[in-house]
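Just below is one structure, and these are the notes that go with it.
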There are 2 protein chains.
Amino acid sequence: MKIETSPLTRKLSAFVKLSASELGVLERLHERRKSFSAGRDLVHQGQSEQAAYILAAGWVVSYKIQPDGSRQIVDFQIPGDFLGLRSVLLHTSDHGIEPIVEIEAAEVMVSDLLQAFAETPRLATAILWAVSRDEAMVVEHLVGLGRRDADARMAHFLLELGVRLSLVGMGSREGYACPLTQYHLADALGLSAIHVNRVLRKLREDGLVTFRDGVVVFDHYDGLVAVADFDPAYLDHARPLLS
Amino acid sequence: MKIETSPLTRKLSAFVKLSASELGVLERLHERRKSFSAGRDLVHQGQSEQAAYILAAGWVVSYKIQPDGSRQIVDFQIPGDFLGLRSVLLHTSDHGIEPIVEIEAAEVMVSDLLQAFAETPRLATAILWAVSRDEAMVVEHLVGLGRRDADARMAHFLLELGVRLSLVGMGSREGYACPLTQYHLADALGLSAIHVNRVLRKLREDGLVTFRDGVVVFDHYDGLVAVADFDPAYLDHARPLLS
DNA sequence: CGCCATATTGAAATATCTCAAGGGCAGTGG
DNA sequence: CCACTGCCCTTGAGATATTTCAATATGGCG
């Protein structure tokens, strides 16, 4: 019974029913477990790596540093997400990847991954689904920066994260634990940290959501959805893929 | 001699030296030529398509409509770019694709593409390079929206477009023809059309760049690069890929 | 001619930033 | 135990960038 299910397995299982053998292959990818401490870059901007990782525990941030020194966060990764998969497949990493807290991740060599794909096409399908979802999130993020005001951006961000975390059992409509600082939010949402603070206060005072002491609590989920104009369609889009 | 070289071939040749047979396969992909008129969506938001296209002539815009009706442009495609490649590979299109002018495009069935890949791995490499470059552009776009002010955003955008067009012989350091309206720029850069107008005026009065009557003229290229903090590294990154 | 899309400009309103300052709390070294 | 430092959060007030509203100009086109 007691087979500890990895977050990635959990996430993929929500969308594709995987057979026992497929699950076996998937778990085997998690063998080379490693730890990394917070704050030290996993991948430096401009460097290209040999291996990808599957995040098992902890939070990671992907960012890009501007010539003027400011930082734009492209995305956060949570357990079950791939790290640097694209960098490996495309031999190019133009952004940095840094653990926010101490993390656990499984190292996956390209060859292992390709072999797993060959063995179990349905698994390949599922993983490509995850990749396409990541891309959809980046696009949605771009839309948010271009077309939403600060309140909506923040609301949308917190809601999206909630949905993502729920998929791996780390969140619900009630809320979730979240180790991000207001500076992280600022760099992700294209705001100043000061304004992030004000926005959070406003959302809290409006009885919509409370982010405090590392915990996000949805005080009024539907109200927040309205503020954000949140439509989670892009997160659970139809079963994808050639397969 | 006179083999009319497609823009895609031109673009890829700038990065990977392709053999005669590879060039042949590439040109064969261009066989099913079609025209589409301006303004009618090629792909509707939410719809998923069977075929991808290689743009041969004209300009195309990829955008996403918000629930509130506003539009965010994700990217523009110019000759030599793929349309809907990701949508096809991942069976998911969450954004619309619309020709800006009358366009010519070659329809490519997934099967043709996969077969071409099997025949010529180096070609697959080259095309994946192009895909990864597209992604880098989206990320750079995201960074611009989050961390650049209106002037820098505009300058960066015009410069990036210049580099892209140069690769297919449609532009140079002097300038290029550009059918975009100020509304297109506004929706791409996350600004109001009115502000776009003012920004263009300022850049023109500062003697940096002139965008008028469908033509972009770089009056002072290096000055514009300075305003934009433009570093084209992400556009011509190292030869990529597993191959 | 009248109409529509695009471009232009001004003035007032608003969102967000910057600068400045202070508070809480955890770790660290005396 | 205390003082100190660093990191994160909070708040206020003035400065700035950008938007909105309103009005006008221009050219193509039925």
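Letters A, B, ... are given to chains in the order of the sequence lines, protein chains preceding strands, and every chain is numbered from 1. Because the structure is predicted, anything quoted here is derived from the model rather than measured.
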Separation of B:L185 atom CG from C:dT6 atom C1', in whole Å? 12 Å
So, for B:A155 and B:L224, which heavy atoms are closest and what is the spacing to 0.1 Å? CB-CD1, 3.6 Å
Sorted by chain and residue number, the side chain to side chain contact (heavy atoms under 4.5 Å, CB included) partners of A:S70 (sequence neighbours excluded) come out as A:Q66, A:D68, B:R147
Side chains of B:V217 and B:V209, heavy atoms from C-beta outward: is any pair under 4.5 Å? no
Can you tell me the distance, in whole Å, between the CZ atom of A:F211 and the C1' atom of D:dC8? 11 Å
Quickly work out the A:L180 CG to D:dC8 C1' distance and round it to whole Å. 13 Å
Figure out the NE2/P separation between B:H195 and D:dA22, and round it to whole Å. 20 Å
For A:S192, what residues pass the side chain to side chain contact (heavy atoms under 4.5 Å, CB included) criterion, not counting sequence neighbours? A:I194, A:H195
With sequence neighbours left out, the residues meeting ring pair (Phe, Tyr, Trp, His ring centres under 6.0 Å) with A:F218 are A:Y176, A:Y221
Minimum heavy-atom distance between B:V101 and B:G58, given as atom pair plus value: CG2-CA, 3.7 Å
For A:D213 and C:dG24, what is the distance between atoms CG and P respectively, to the nearest whole Å? 14 Å
Considering residues at least two apart in sequence or located in another chain, which fulfil the side chain to side chain contact (heavy atoms under 4.5 Å, CB included) criterion with A:A188? A:I73, A:F76
Identify whether any heavy atom of A:I194 sits under 4.0 Å from a base atom; if not, whether one sits that close to sugar-phosphate; answer base, sugar-phosphate or nothing. base
Which residues pass the side chain to side chain donor-acceptor pair (under 3.5 Å) test with A:R173, not counting sequence neighbours? A:D222
Proximity to DNA chain C (any heavy atom under 4.0 Å), residues of residues 198-209 of chain B only: B:R198, B:R201
Round to the nearest Å and state the distance from A:H184 atom NE2 to D:dC9 atom P. 10 Å
Just N and O in the side chain of A:Q182: are any of them under 4.0 Å from OP1 or OP2 of D:dC7? no
Only counting residues at least two apart or in another chain, list the ones meeting side chain to side chain donor-acceptor pair (under 3.5 Å) with A:R32. A:E107
For a quick check of understanding: with a heavy-atom distance under 4.0 Å over all strands, which category does B:S192 fall into, base, sugar-phosphate or nothing? base
Rounded to the Å, how far apart are B:D187 CG and D:dT19 P? 11 Å
Among all residues two or more places apart in sequence or in another chain, which pass the side chain to side chain donor-acceptor pair (under 3.5 Å) test with B:Q182? B:N197
Tabulated below should be each protein N or O lying under 3.5 Å from an N or O of nucleotides 25-30 of chain D; please produce it.
none

Contact class for A:G190 (heavy atom, under 4.0 Å): base, sugar-phosphate, or nothing? sugar-phosphate
A:F36: ring pair (Phe, Tyr, Trp, His ring centres under 6.0 Å) partners, not counting sequence neighbours: A:Y53
Starting at atom CG of B:L191, determine the distance to atom P of D:dT20, rounded to an integer number of angstrom. 11 Å
What residues form a side chain to side chain contact (heavy atoms under 4.5 Å, CB included) with B:V138, not counting sequence neighbours? A:V138, A:L142, B:V74
Using heavy atoms and a sub-4.0 Å distance, could you list which residues of residues 142-162 of chain A are near DNA chain D? By number, please. none
Can you see if the side chain of B:N197 gets near the phosphate of C:dT8 - specifically, an N or O under 4.0 Å from OP1 or OP2? yes
